[in-house]
Amino acid sequence: MATQLEPEARDSVDVFREEVRQFIAENFPAELKGKGLSMGGVEGATKETPAQKAWREAMGQRGWGTPTWPKEYGGGGLNRKQAAILNEELARAGAYNPIGGMGVMMFGPTLLEYGSEAQKQEHIPPICRGEIRWCQGYSEPNAGSDLANLQTMAEDKGDHYLVNGQKTWTSGGQWADKCFAIVRTDRSDKHKGISFLLIDMDSPGVEVRPITMISGTSPFCETFFTDVKVPKENLVGEEGQGWTIGKRLLQHERTNLSGAAPGGRSGASLADIAKKYGRTNTDGTLADPVLRDRIADFEIRWTSFLHTARRAVEESKAAGGVSEISSALKKLGTKLGQERAELTIEIMGLQGLGWEGDNFSPVELQGVRAWLYGKATTIYGGSTEIQNNVIAKRVLGMLDHQ
């Protein structure tokens, strides 16, 4: 049974909805309708157009790029109901949230929980305005699945740390302004010797080498730190707290990678794609009954996942933040995303096999690259095998706690 709002509350909702509609009508460029962030939100992958810049600045000034973040740090200060209305109206207008990336997905929520007041005042407002790009320094050549084995060392030099080591799979590292990294400040304890450090990517001694993927893009990098000086005030939390803070950040990352966050999936529906490339009956339905069943089966499972995931996210927020359930969301959501990409390529037939050339539309070429790019989603952010371990240990209690 639908919740009945009191007249005053209903009026407030209607007033806010009208406010959002007016804002979108006045600020959203028509040429951006139906478009969104490229490369799954990896900032810097494409050059920002004047229209994109204007839209980003308008949303950032209002704080609506980070709608539920505190107003005192540049966020929108909206409650969950208002944030839902904002998302609904953006979708209705064919608009999108232009402020994203790792600062919003992962680092910002973590800093709001663990950062000092000075760090929040310095770093959160530029994230809310979409003015700064962050990358993640976690994985290393010998510290992937066993992340706590990381060896990048931050040596205490009094008023600063001297950082030496290597990170890999640094998403967007070649475009980033800053890096949030977990580093070793003590070699005597595997977990308690890890700290959470913020590093300027233009610091002397930082070198970034892009890694070309099977999709033809280079969103990931190797990052080398050679005698990089990092001020002591860039330490988040306390020395030795990095493993705790780092795990919390991963929960935010996994929730977003699952597609459970608002706006987690966009674009044409599978049914619309199938109607474009296949035969239809006189009533407009798909002529292939097997394909109809496969699409219906997928959409039922995706919709069930989405509702369950969003309920779990809301319950976690109500309890004070994200939780280990993020591993279950990431495991299933990324698998469904790969399944959808496979089915899309199959539906397009020969037009889903193009890499370049005038015989293929930009949407078709992007579809192939998205399909290949999606192969990494069940690996980065913690592989499916790692998520299985977390679920068994932290959710089901099948193993002793670390």
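- Within the 4.5 Å cutoff, the side chain of Gln136 has no heavy atoms near those of the Thr170 side chain.
- With a 4.5 Å cut-off on side-chain heavy atoms, Lys53 and Glu57 count as touching.
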Discussion item. Pair Leu286, Lys275 - check side-chain contact (heavy atoms from CB on, under 4.5 Å), show working.
Written reply: CA-CA 6 Å; Leu286 288 173; Lys275 289 176 183 178; 3.7 Å; yes

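- Between Asp186 and Lys192 there is no side-chain heavy-atom pair separated by less than 4.5 Å.
- Judged by distance alone, the side chain of Arg56 and the main-chain N or O of Arg129 form a donor-acceptor pair under 3.5 Å.
- A pairwise comparison of heavy atoms in Asp177 and Glu131 identifies OD2-O, 4.4 Å as the closest pair.
- Taking every heavy atom of both residues into account, Gly173 and Cys221 meet most closely at N-SG, 3.9 Å.
- Using a 4.0 Å cut-off between a side-chain N of Lys or Arg and a carboxylate O of Asp or Glu, Glu155 and Lys157 qualify as a salt bridge.
- Arg301 contributes atom CZ, which lies 14.0 Å from atom CG of Leu306 (distance to the nearest 0.5 angstrom).
- Using a 3.5 Å distance cut-off with no hydrogens or angles, the side chains of Gln251 and Ser326 do not pair a donor with an acceptor.
- More than 12 heavy atoms of other residues, nucleotides or ligands sit less than 6.0 Å from atom CG of Asp283.
- Checked by atom type and distance alone, the side chain of Thr303 pairs as donor or acceptor with a backbone atom of Glu299 at under 3.5 Å.
- Put simply, the side chain of Phe196 does not reach to within 4.5 Å of the side chain of Gln241, judged on heavy atoms.
- Between the side chains of Asn149 and Lys190, no donor-acceptor pair is found at a separation under 3.5 Å.
- A pairwise comparison of heavy atoms in Tyr373 and Pro219 identifies CE1-CG, 3.7 Å as the closest pair.
- Distance check: Arg248 CZ to Trp243 CH2 gives 15.5 Å after rounding to the nearest 0.5 Å.
- Within 6.0 Å of CD on Gln61 lie no more than 12 heavy atoms contributed by other residues, nucleotides or ligands.
- Listed for the Asn27 side chain is no donor-acceptor partner under 3.5 Å among the backbone atoms of Ala58.
- Residues Ile295 and Leu291 are in side-chain contact: their nearest non-hydrogen atoms beyond the backbone lie under 4.5 Å apart.
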Worksheet item: Lys232 and Asp159: salt bridge (Lys or Arg N to Asp or Glu O under 4.0 Å), yes or no, with the steps?
Response: CA-CA 6 Å; Lys232 277 288 184 68; Asp159 65 343; over 6 Å; no

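- Around the CZ atom of Arg279, the shell of radius 6.0 Å holds no more than 12 heavy atoms that belong to other residues, nucleotides or ligands.
- Side-chain N/O atoms of Tyr277 and Glu364 include a donor and acceptor closer than 3.5 Å.
- Rounding to the nearest 0.5 Å places CG of Leu197 at 13.0 Å from CZ of Phe180.
- Contact between Phe28 and Ala93 at its shortest, heavy atoms only, is CE2-O, 4.3 Å.
- A pairwise comparison of heavy atoms in Pro29 and Ala51 identifies CG-O, 3.6 Å as the closest pair.
- Contact check for Ile182 versus Leu249: no side-chain heavy atoms found under the 4.5 Å cut-off.
- For the atom pair Trp355 CH2 and Leu372 CG, the distance stands at 5.5 Å (nearest 0.5 Å).
- Checking Asp272 against Ser269 by side-chain atom types alone, a donor-acceptor pair falls below 3.5 Å.
- In this structure the side chain of Val206 never reaches within 4.5 angstrom of the side chain of Phe224, judged on heavy atoms.
- Between the side chains of Thr168 and Ser139, not a single donor N or O lies within less than 3.5 Å of an accepting N or O.
- A side-chain donor-acceptor contact under 3.5 Å links Asn164 to the backbone of Asp227.
- To the nearest 0.5 Å, the span separating OG1 on Thr185 from CD1 on Ile194 amounts to 8.5 Å.
- With hydrogens and angles disregarded, no donor-acceptor distance shorter than 3.5 Å links the side chain of Arg184 to the backbone of Met153.
- At least one donor-acceptor pair closer than 3.5 Å links the side chain of Lys167 to the backbone N or O of Tyr138.
- For Glu238, the CD atom counts as loosely surrounded, since its 6.0 Å shell holds 12 or fewer non-hydrogen atoms of other residues, nucleotides or ligands.
- Thr68 has its side chain out of reach of Asn79: every pair of non-hydrogen atoms, C-beta onward, lies at least 4.5 Å apart.
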Fill in: Steps toward side chain to side chain donor-acceptor pair (under 3.5 Å) verdict (Gln174, Arg209)
CA-CA 7 Å; Gln174 67 269 54; Arg209 301 176 189 173; over 6 Å; no

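- A donor-acceptor pair under 3.5 Å is absent between the side-chain atoms of Gln166 and the main chain of Thr152, judged by distance alone.
- Using modelled atom types, one side-chain atom of Gln351 and one backbone atom of Asn359 make a donor-acceptor pair closer than 3.5 Å.
- Between Arg21 and Glu88 there is no salt bridge, since no side-chain nitrogen of the basic residue lies less than 4.0 Å from a carboxylate oxygen of the acidic one.
- Partner of Trp64 under the side chain to side chain contact (heavy atoms under 4.5 Å, CB included) criterion, out of Ile24, Val20, Asn97: Val20 alone.
- Between the side chains of Tyr73 and Glu117, at least one donor N or O sits under 3.5 Å from an acceptor N or O.
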Item to complete: Please step through salt bridge (Lys or Arg N to Asp or Glu O under 4.0 Å) for the pair Glu339 and Lys335, ending with a clear verdict.
Response: CA-CA 6 Å; Glu339 184 178 336; Lys335 186 65 177 177; over 6 Å; no

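- Under 3.5 Å, the side chains of Tyr161 and Glu239 contain a donor-acceptor pair of N or O atoms.
- For Asn142, the CG atom counts as loosely surrounded, since its 6.0 Å shell holds 12 or fewer non-hydrogen atoms of other residues, nucleotides or ligands.
- Side-chain contact of Thr378 with Gln338: a donor-acceptor pair under 3.5 Å is present, judged by distance alone.
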Worksheet item: Stepwise, does the side-chain contact (heavy atoms from CB on, under 4.5 Å) test hold for Val13 with Gln82?
Response: CA-CA 7 Å; Val13 166; Gln82 290 171 322; over 6 Å; no

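- Rounding to the nearest 0.5 angstrom, the gap separating the OG1 atom in Thr223 from the CH2 atom in Trp169 is 12.0 Å.
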Worksheet item: For Lys120 and Glu72, what are the C-alpha separation, side-chain angles and deciding distance, and is it a salt bridge (Lys or Arg N to Asp or Glu O under 4.0 Å)?
Response: CA-CA 10 Å; Lys120 294 175 187 178; Glu72 58 264 37; over 6 Å; no

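- Ring geometry for Trp302 versus Phe305: interplanar angle of 30 to 60°, hence tilted.
- With hydrogens and angles ignored, the 3.5 Å screen pairs no side-chain donor or acceptor of Ser171 with any backbone N or O of Phe220.
- Side chain of Gln119 to backbone of Leu235: a donor-acceptor contact under 3.5 angstrom is found.
- Residues Ala274 and Ile347 share a closest heavy-atom pair of CA-CG2, 3.5 Å.
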